[in-house]
Protein chains: 2
Amino acid sequence: MATTEPASADRYHHGNLRAALLDSALEVLCEKGVAGFSMREAARRAGVSQSAPKHHFGDTRGLLGALATRAYRRLCDQVEAVELVGRDVRERIAALSAEYVAFARDNRALFDLMWRTSQFDFNDPDLIEQKHRALRALDRGLRGQDAQLPDGANPARVSSHAVWSLVHGYTILALEGAIDGDTSDPLTSDLLPAMLQLLDVSQTACDEPR
Amino acid sequence: MATTEPASADRYHHGNLRAALLDSALEVLCEKGVAGFSMREAARRAGVSQSAPKHHFGDTRGLLGALATRAYRRLCDQVEAVELVGRDVRERIAALSAEYVAFARDNRALFDLMWRTSQFDFNDPDLIEQKHRALRALDRGLRGQDAQLPDGANPARVSSHAVWSLVHGYTILALEGAIDGDTSDPLTSDLLPAMLQLLDVSQTACDEPR
DNA sequence: CTCGAATCTTGACGCTGAGCAGTTTACAGC
DNA sequence: GCTGTAAACTGCTCAGCGTCAAGATTCGAG
């Protein structure tokens, strides 16, 4: 549980409470979902009093924010790991999409939390940075063939946003059961690849925006 | 407020409490969001005791479920209204997409609720029916040129699911601020149409599912 | 060693959802 | 018109929640 210290049970100062609380909070979040989350429960599982989290996270929103920060970091890491492997555009996009869906499936409550910005506030600079880092990594990885274009270039942006929107929408709808996709293994499920095939990522589009 | 009866303030039996509670609950939901929703508050605004809702909705999940049912019905009605007008495939899809985004923008808390199935249970047959009705209407409207195909036909399904996924994903990401799209007027904003243009809804796809 | 700052506990307040007993009303049968 | 039963609603109670204030304990710089 504790990362560095054994933290013998009866010490007044925990030593590594912030990390321990994040762990127990994640546990609670996964079990009970965003709606059923409770800060007291997280504190209880970390073996500290109910108001111990206050000093580290302020309030519940702060704790959830810290959890979301960690989630963005992990997603970004996984995305970046994939990105390096693939070479061909379609192949890379397919791999990234599968990774995205897999992340959502394996960290469902966390994935839920990430796109519910009303649950936490964005005063924490670390949160902002990690979120932007993840978004940039996704945008970079999901671009079409003109991936080398400077950041402001429109067509590539449209393309990556389209792919991301499609994958994100599919992820949610499939997990919610609105679409009959097989989320248990998005790699072998053929619905997402078939849909991506409909997206012409090679064309630059925007010739006539209307 | 009350739909049929004036319900003079001091009557023991409200007369139309179920509808009144749905109204006040919607009001609370819009103001406080899904997370800050409170059944007591809804009862308070309807002018009845805290436990009055129990008889009509059971518990909070039941109330939220009833709210979601109404939301599905409204979405379906709006979708069906659009569907009849457009004739050309792309034109119809564009109109439907704009309608979808507009609905989400104008009923944000409600839209949030609709895709959070963990918040309510699906024992209510009315809820199930309205949701299926809405999904079928969307699927019908968002199909490509082969819209006449029987329901089991795969390619049309893939096409409509792709469009829906893209629009749904865009809606969420744009509303969450992750994408710089203009949700204030999805009709004139050019991001969504540009993305839809990338989706080749005319081709039947699925030639090689891999 | 000392003293301030950081960390954690205890106790309290008002809020929430939920269950239970009781009160008031509507209504069908006579 | 009367009565009994079911429906609709109230009031009370309980446990759990987030948050705050005050106090106890420990750390660490000087």
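Atoms considered below: every heavy atom in the structure, side chains included; atoms not considered: hydrogens, waters and symmetry mates. So you know, we letter chains A, B, ... as the sequences are listed, proteins then strands, and number each from 1. What you are looking at is a predicted structure, and each value in this text was computed from that prediction instead of being measured.
If you find the closest nucleotide of DNA chain D to Met39(A) and to Ser49(B), the one lying nearer the 5' end belongs to Ser49(B). Comparing Arg18(A) and Ser38(B) along DNA chain C, the residue whose closest nucleotide (by nearest heavy atom) sits nearer the 5' end is Arg18(A). The residue among Val48(A) and Arg40(A) whose nearest nucleotide of DNA chain C lies closer to the 5′ end is Val48(A).
At whole-Å resolution of the value, CG in Leu21(B) and P in dT10(D) are 10 Å apart. Nucleotide dT16(C) holds its P atom 11 Å from the CZ atom of Arg45(B), rounded to whole Å. Rounded to an integer number of Å, the gap from Gln50(A) CD to dA15(D) P is 16 Å. Atoms NZ (Lys32(A)) and P (dC17(D)) sit 8 Å apart, rounded to a whole Å.
Contact annotation: side chain of Ser51(B) to base of dG17(C), donor-acceptor pair absent below 3.5 Å.
For the pair Tyr72(B) (side chain) and Arg133(B) (backbone), a donor-acceptor distance under 3.5 Å is absent.
Listed in residue order, the members of residues 54-67 of chain B having a heavy atom less than 4.0 Å from DNA chain D are His55(B), His56(B).
Contact check on Arg73(A) versus Asp77(A) returns no salt bridge, with no Lys/Arg side-chain nitrogen under 4.0 Å from an Asp/Glu carboxylate oxygen. A salt bridge between Arg61(B) and Asp124(B) is absent, with no side-chain N of the basic residue lying under 4.0 Å from a carboxylate O of the acidic one. Ion pairing between a basic and an acidic side chain is recognised when a charged N comes within 4.0 Å of a carboxylate O; Arg157(A) and Asp139(A) show such pairing. A salt bridge links Arg45(A) with Glu31(A): the distance from a Lys NZ or Arg NE/NH1/NH2 to an Asp or Glu carboxylate oxygen falls below 4.0 Å.
No contact: Glu41(B) has no heavy atom under 4.0 Å from any strand.
By the side-chain contact (heavy atoms from CB on, under 4.5 Å) test, Ala104(A) is found to be paired with Phe111(A), Thr171(A), Leu175(A), residues two or more places apart in sequence or in another chain being considered.
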